[in-house]
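Naming convention: chains lettered A, B, ... in sequence-line order (proteins, then strands); numbering from 1 in each chain.
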Amino acid sequence: MTDIEARFSALETRLRLLEDHNEIQALMYSYGPAVDSGSAPEVAARWTEDGVYDVDTGAMNSRAEIHAMVLSDAHQGYIHNGCGHVMSPAYIVVDGDTAVGTTHTQLIFQRKDGKGYNISRVTANRWEFVRTAEGWRVQVRKSRVLDGGEEGRGVFAAGVRT
Amino acid sequence: MTDIEARFSALETRLRLLEDHNEIQALMYSYGPAVDSGSAPEVAARWTEDGVYDVDTGAMNSRAEIHAMVLSDAHQGYIHNGCGHVMSPAYIVVDGDTAVGTTHTQLIFQRKDGKGYNISRVTANRWEFVRTAEGWRVQVRKSRVLDGGEEGRGVFAAGVRT
Amino acid sequence: MTDIEARFSALETRLRLLEDHNEIQALMYSYGPAVDSGSAPEVAARWTEDGVYDVDTGAMNSRAEIHAMVLSDAHQGYIHNGCGHVMSPAYIVVDGDTAVGTTHTQLIFQRKDGKGYNISRVTANRWEFVRTAEGWRVQVRKSRVLDGGEEGRGVFAAGVRT
């Protein structure tokens, strides 16, 4: 029975890691649809209560501040003029009860003349996750524009060394 | 043995769910390559026989109509002038024998002057899947442009509440 | 015990296939962050020693040549002016110790006037992987621009028939 127990345990551990990846993907890949539809509670709920969304254009330091960003005039203006926060597929590394995800995001706006869309920003993103009693949540998301400067490249350089 | 049977059964159920996600990802992520290469049978085959592709610019109500769209002058013009249907990674929720996937799609065309590409449309997409004897298939895909109106945001608002 | 052995073995085989998908995704999805941050060793390390990166604008035929591309004046110019190599989620097919991944890539540059970004290229990509003692590696990556010609569409037509 010892051998059987060990084999069950090994399978469960491997399966759990794949489930962690799957759950983290769901958390990341529903962000864009949530923010582009102005679903403020759903956006905020993916962070921990004191989670941080650290953007070069301004940091938010709690669920409440992230919720307020979605309802702000600026963000409401974006989504009522036509806007997509489009993510690339994430490089995810899980290490026990923490994890890191690395992705690009394109911020795309409808042109004022209605003839298609322009890309306003392309950012490098580092998502730091923590396993909580409610499931995986974002502790810190750091976004830096890829404008040729050190910061954007630095987010990605750190990410690929994870 | 009862305990062993229960543990096998639990593992098999968890594994099956991850396999469902994996299969649905393959179905979604091969759509762009299929449609951009004009592979009409492969595009059509991912829907059920009476599957629906409900686009704001016109609905297709069967595999046959989806197949015809790929061979249409309009679509053939797109792909012979340089075109990409580029999807974002999907938020997927599996519930037994049905599933829902939520994604952005960018429709990108080569510029007529050959100097790069323009984004023509950014859409919100809801894919409804059903498990069939042949594997997972698309029952309904609904696409609505993110132009600031209710419809595009509504697709995403419903998706993140899934 | 025979029945138990067979059930363990079947679960391990299914789990291994999902782990292969997960590992190949990590290899693909960290490419963009690696190349956009100029992380030459990390970019090169995802190919086999004699791996090929076959791009329509010029082929690289070893890790050393891929490493040199990242450090080239051309590539360094891109990433110091603001650049994103943004991938779509991949259609991956694993067959024993080899695998194929099919994706779009957008090559996006910051505009010289700093007002947003332009899409320079949209390519069809075929990644051929091999399982090595160190894990999955890229043996050949073939990239062809989607400019309306046979080559780009051909990469995707072959990919969806995999």
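Close approach to chain C, defined as a heavy atom under 4.5 Å from one of its heavy atoms, is seen in A:I119, A:S120, A:R121, A:V122 of residues 114-133 of chain A, taken by number. Of all residues spanning residues 13-37 of chain C, those with a heavy atom less than 4.5 Å away from chain A's heavy atoms are C:L15, C:R16, C:L18, C:E19, C:N22, C:Q25, C:A26, C:Y29, C:S30, C:G32, C:P33, C:A34, C:D36, C:S37, arranged by number.
Among residues at least two apart or in separate chains, ring-ring contact (aromatic ring centres under 6.0 Å, His included) pairs with a member in residues 135-162 of chain C are C:H104-C:F156.
With a threshold of 4.5 angstrom between heavy atoms, A:Q106 approaches chain C through side-chain atoms but not through N, CA, C or O. Heavy-atom distances place the side chain of C:I108, and not its backbone, under 4.5 Å from chain A. For chain C, the nearby parts of A:F8 are the backbone and the side chain; heavy atoms of each come within less than 4.5 Å.
Heavy atoms from other residues, nucleotides or ligands lying under 6.0 Å from CD of C:E134 number more than 12.
Of all the listed residues (A:S88, A:G159, A:A157), the one sharing the greatest number of non-hydrogen pairs under 4.5 Å with chain C is A:A157. Ranked by heavy-atom pairs under 4.5 Å with chain C, the first of A:A158, A:A90, A:G149 is A:A90.
Taking the side chain as every heavy atom from C-beta outward, C:Q110 and A:L146 never approach each other to under 4.5 Å.
Distance check: A:I4 CD1 to C:E5 CD gives 9.5 Å after rounding to the nearest 0.5 Å.
Remark: C:R141 pairs with no residue by the salt bridge (Lys or Arg N to Asp or Glu O under 4.0 Å) rule, at least two apart or across chains.
Closest approach of C:S9 to A:R7, counting heavy atoms only: N-NH2, 4.4 Å.
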